[in-house]
Amino acid sequence: MFSDRFSRALQRVLLAGLLLLTAGFDAQAQAMNPSTAVIPSSVVTAQNHVHGLLMSSGAGDAPFIIVDASDQRLYLFERNQLKFEFPVSTSAVGVGSAEGSNRTPLGLHRIAEKFGDGEPIGMIFKARQPTGKLAAIQTKPIKGDGDDVTTRIMWLQGMQPGVNEGKGVDSHARYIYIHGTPEEGLIGRPESHGCIRMNNTQVIELFNQVPVGTLVDIIK
């Protein structure tokens, strides 16, 4: 009888583990194939605007990115269809374009330059150059001692004079990047010094999908 009870208990444990594993695979599949995702109306408005710009330039099939600072999400569209959705961290002190503000700038940008192709996960960059040192990736919601830029860099250039381009508000001159971070446990809430932080694996995925020149609209 004891053996039967033990066998039934073991079966329940194995079944519970299988259900958790299946749920994990389902969640991963949804992240990689977000065809059923509900896109916020503010993101849809930005999507239509950016796609309209691309259509008018004859590049309607080009990928583009919408970053929503209000829900800390990044959306990658290709051929005007949502391809990926990733959590991010924008500035801990909110949005804004002023030089020295440490805020995340709003408005239309483009990826001006990309750095880090082929570097290992966790590579620390200084002045966009790999240092040869790997960061200790923290998956718990704990702040580190600095603001290391890791794994990949996509350097943004503002495209709206007086808003995110030009003297005192220039995103490129402010070194606004999309980049990996050692503080992965803080992704999903505003914690950066102005840049757009991503999970290191996901920033590689994004980096590989978007060429230099890709439009990036940051909204709130």
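What you see is a predicted model; the values in this text were computed from it and never measured. Values below: all heavy atoms of this structure, side chains included; hydrogens, waters and symmetry mates excluded.
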Can you check side-chain contact (heavy atoms from CB on, under 4.5 Å) on L108 and L53, steps first, answer last?
CA-CA 11 Å; L108 191 66; L53 294 175; 3.6 Å; yes
Considering all heavy atoms, the nearest D148-H179 contact:
O-CE1, 4.1 Å
Give every residue pair that meets the ring-ring contact (aromatic ring centres under 6.0 Å, His included) criterion with at least one member in residues 96-137, sequence neighbours excluded.
none
Which pair of non-hydrogen atoms, one from P190 and one from Q72, has the smallest distance, and what is that distance?
N-OE1, 3.4 Å
For the student: nearest non-hydrogen atoms of S97 and L106, plus distance:
OG-N, 4.2 Å
With no hydrogens and no angle check, is any side-chain donor or acceptor of Q160 less than 3.5 Å from a backbone partner on E165?
no
Scan side-chain atoms only and decide if R128 and Y175 contain a donor-acceptor pair under the 3.5 Å cut-off.
no
Taking all heavy atoms of S91 and all of N102, pick out the closest pair and write down the distance.
OG-O, 2.6 Å
Which heavy atom of N199 sits nearest a heavy atom of I187, and at what distance?
N-CD1, 4.0 Å
Would you mind telling me which of T90, V43, I219, D217 makes a side chain to side chain contact (heavy atoms under 4.5 Å, CB included) with V67?
T90
Any donor-acceptor pair under 3.5 Å from R152 side chain to I204 backbone
no
Other than V169, what residues sit in its cluster of Ile, Leu, Val, Met, Phe, Trp and Tyr side chains whose heavy atoms are under 4.5 Å apart, directly or through others?
none
Give me each pair satisfying side chain to side chain donor-acceptor pair (under 3.5 Å) with a member in residues 52-70, each pair once, sequence neighbours excluded.
D68-S70
Side chain of Q81, backbone of E78: donor and acceptor closer than 3.5 Å?
no
Would you check if the side chain of S171 reaches a backbone N or O of P105 as a donor-acceptor pair within less than 3.5 Å?
no
Looking only at heavy atoms, what is the nearest atom pair of T104 and C195, with distance?
OG1-O, 3.8 Å
Applying salt bridge (Lys or Arg N to Asp or Glu O under 4.0 Å) as the test, list every pair that has at least one member in residues 168-193; sequence neighbours left out.
K143-E191, E183-R197, R189-E191
May I ask you to decide if the ring planes of F84 and F86 are parallel, tilted or perpendicular, using 30° and 60° as cut-offs?
parallel
Got a sec, which pairs hit salt bridge (Lys or Arg N to Asp or Glu O under 4.0 Å) with one end in residues 99-116, sequence neighbours left out?
none
Quick check: is I178 connected to V95 through a chain of hydrophobic side chains (ILVMFWY, heavy atoms under 4.5 Å apart)?
yes
Common cluster, L74/L156, ILVMFWY with side-chain heavy-atom separation under 4.5 Å:
yes
Residue pairs passing the ring-ring contact (aromatic ring centres under 6.0 Å, His included) test where at least one lies in residues 41-73, sequence neighbours excluded:
F64-F77
